[in-house]
Amino acid sequence: MEELEWQMGPGFISVTGETGAGKSIIIGALQLLLGERAGKSLIRTGADLCTVEAVFTGREVQKLNPELVEAGIEPCEDNLIIKRSFSATGGTRQFINGSPTTLSILKNLGDDLVDLHGPHDHQSLLSSETQLSLLDSFARAEHQLEEYRKHYRQLQALIAQHGALNTAETAREQELDLLRHQISEIKSANLVADEEEEIEKRYKLASNSKRLIELASAIANKLSEADDSVLSQLAETQRLPPRIGKD
């Protein structure tokens, strides 16, 4: 199938037909818009791209505006436009009201838009979220629910700010501990004003002393410790027999 346009009315809709009539194509396209994962096999043979788009109209879509705003998407007045396309190379893109979005956001939104029932499909009536939504609707608590969501978002924002302040306070305490340790080390060093020059002299003297020690050790080694030392050669000389000559 190259192109299909389907206009649905409100309320309950049943898709029926013989095997091979194309029911799965219609339902599959709708499932793609509701966040189902797409595969390359869905692209028509010979084509490089598959695009599915839907327009949801009516005042009911305005109930989704808090969810859209929270996801960084423009709210809708009368129409909610969802578009999804994927290519044979594996790239997938999805848009809500013209704004790029993620697959998870699209799936969460799709759960509120359409409820699909089939022989092997998920039954939303078994979902605790759906049951709670039905209870809120029966109690006519939409206004209270919106107020609760607003205060909950404010609470989450305050919790995040509190966590950031705690992190900053911890970092500040660590920095103060480091500064206190450095101050303690400076005090224990008993530093005196204008003693840097004297310390430099002592350092140079100590450096020269180390060099002198190294030279003295080398000289002592040459004199006595090496196999061909001077003392060893003198001892060998002493052991030589005396030479007697005539005048």
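- No path of Ile, Leu, Val, Met, Phe, Trp and Tyr side chains, each step under 4.5 Å between heavy atoms, connects Phe95 with Leu30, placing them in separate hydrophobic clusters.
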Exercise for the section: Go through the steps for Lys107 and Leu34 under the test side chain to side chain contact (heavy atoms under 4.5 Å, CB included), then give the verdict. Expected result: CA-CA 5 Å; Lys107 184 172 179 60; Leu34 301 179; over 6 Å; no
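- Crowding of Gln154 atom CD: a count of heavy atoms from other residues, nucleotides or ligands under 6.0 Å exceeding 12.
- In this structure His143 satisfies the side-chain hydrogen bond (donor to acceptor under 3.5 Å, both in side chains) test with no other residue, sequence neighbours excluded.
- The shortest side-chain heavy-atom distance between Ile105 and Ile73 falls under the 4.5 Å cut-off.
- Residues Leu132 and Asp136 have side chains in contact (heavy-atom distance under 4.5 Å, counting atoms from C-beta outward).
- Residues passing the side-chain contact (heavy atoms from CB on, under 4.5 Å) test with Asn65 are Gln62, Leu68, Pro75, Cys76, sequence neighbours excluded.
- Shown here are the side-chain contact (heavy atoms from CB on, under 4.5 Å) partners of Leu49, two or more places apart in sequence or in another chain: Thr51, Ser85, Ser87.
- Looking only at side-chain heavy atoms (C-beta outward), Ile96 and Leu80 come within less than 4.5 Å of each other.
- Residue pairs meeting the side-chain hydrogen bond (donor to acceptor under 3.5 Å, both in side chains) criterion with at least one partner in residues 4-18, sequence neighbours excluded, do not occur; the list is empty.
- Listed by chain and number, the residues in a side-chain hydrogen bond (donor to acceptor under 3.5 Å, both in side chains) with Ser104 are Thr102 (sequence neighbours excluded).
- Linking Ile, Leu, Val, Met, Phe, Trp and Tyr residues whenever their side-chain heavy atoms come within less than 4.5 Å places Leu32 and Ile13 in a single cluster.
- Of the possible donor and acceptor atoms, none in the side chain of Ser133 sits under 3.5 Å from a partner among the backbone N and O of Glu129.
- Interatomic distance, Leu109 CG to Thr101 OG1, rounded to the nearest 0.5 Å: 8.0 Å.
- One distance of note links OG of Ser217 with CG of Leu212; it measures 10.5 Å at 0.5 Å rounding.
- Evaluation of the side-chain hydrogen bond (donor to acceptor under 3.5 Å, both in side chains) rule for Gln174 yields no partner, not counting sequence neighbours.
- Remark: Arg172 engages Glu169 in a salt bridge, criterion side-chain N to carboxylate O under 4.0 Å.
- Counting only residues at least two apart or in different chains, salt bridge (charged side-chain N to carboxylate O under 4.0 Å, His left out) contacts with residues 62-75 comprise Glu60-Lys63.
- Side-chain contact between Ile82 and Glu53 is absent, with no heavy atoms from C-beta onward closer than 4.5 Å.
- Side chains of Leu178 and Gln182 form a contact here, defined as non-hydrogen atoms less than 4.5 Å apart.
- Here the CZ-CG distance, from Phe56 to Leu33, works out to 6.5 Å after rounding to the nearest 0.5 Å.
- In this structure, the side-chain contact (heavy atoms from CB on, under 4.5 Å) partners of Leu176, at least two apart in sequence or on a different chain, are Glu173, Arg180.
- Sorted by first and then second residue, the salt bridge (charged side-chain N to carboxylate O under 4.0 Å, His left out) pairs with a member in residues 153-166 read Glu146-Arg153; sequence neighbours excluded.
- The closest side-chain heavy-atom distance from Ser137 to Glu142 is below 4.5 Å.
- For residues 87-104, there are no salt bridge (charged side-chain N to carboxylate O under 4.0 Å, His left out) pairs, not counting sequence neighbours.
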Give every donor-acceptor pair under 3.5 Å between a side-chain atom in residues 155-163 and any protein atom, sequence neighbours left out.
from   : atom 1 : to     : atom 2 : distance (Å)
His162 : ND1    : Asn166 : ND2    : 3.2

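- Residue His151 qualifies as enclosed at atom NE2: its count of foreign heavy atoms under 6.0 Å is above 12.
- Expressed to the nearest 0.5 Å, how far CG of Leu106 lies from CG of Leu113 amounts to 9.0 Å.
- A 6.0 Å sphere centred on CD of Glu185 holds more than 12 heavy atoms belonging to other residues, nucleotides or ligands.
- No path of Ile, Leu, Val, Met, Phe, Trp and Tyr side chains, each step under 4.5 Å between heavy atoms, connects Leu145 with Val61, placing them in separate hydrophobic clusters.
- Separation of atoms CD1 (Ile186) and NE2 (His181) is listed at 10.5 Å; rounding is to 0.5 Å.
- Pairing each heavy atom of Leu103 with each of Gln94, the nearest pair is N-NE2, 3.8 Å.
- Under a 3.5 Å cut-off, the side chain of Asn79 and the backbone N or O of Thr57 do not form any donor-acceptor pair.
- Shown here are the side-chain hydrogen bond (donor to acceptor under 3.5 Å, both in side chains) partners of Lys83, two or more places apart in sequence or in another chain: there are none.
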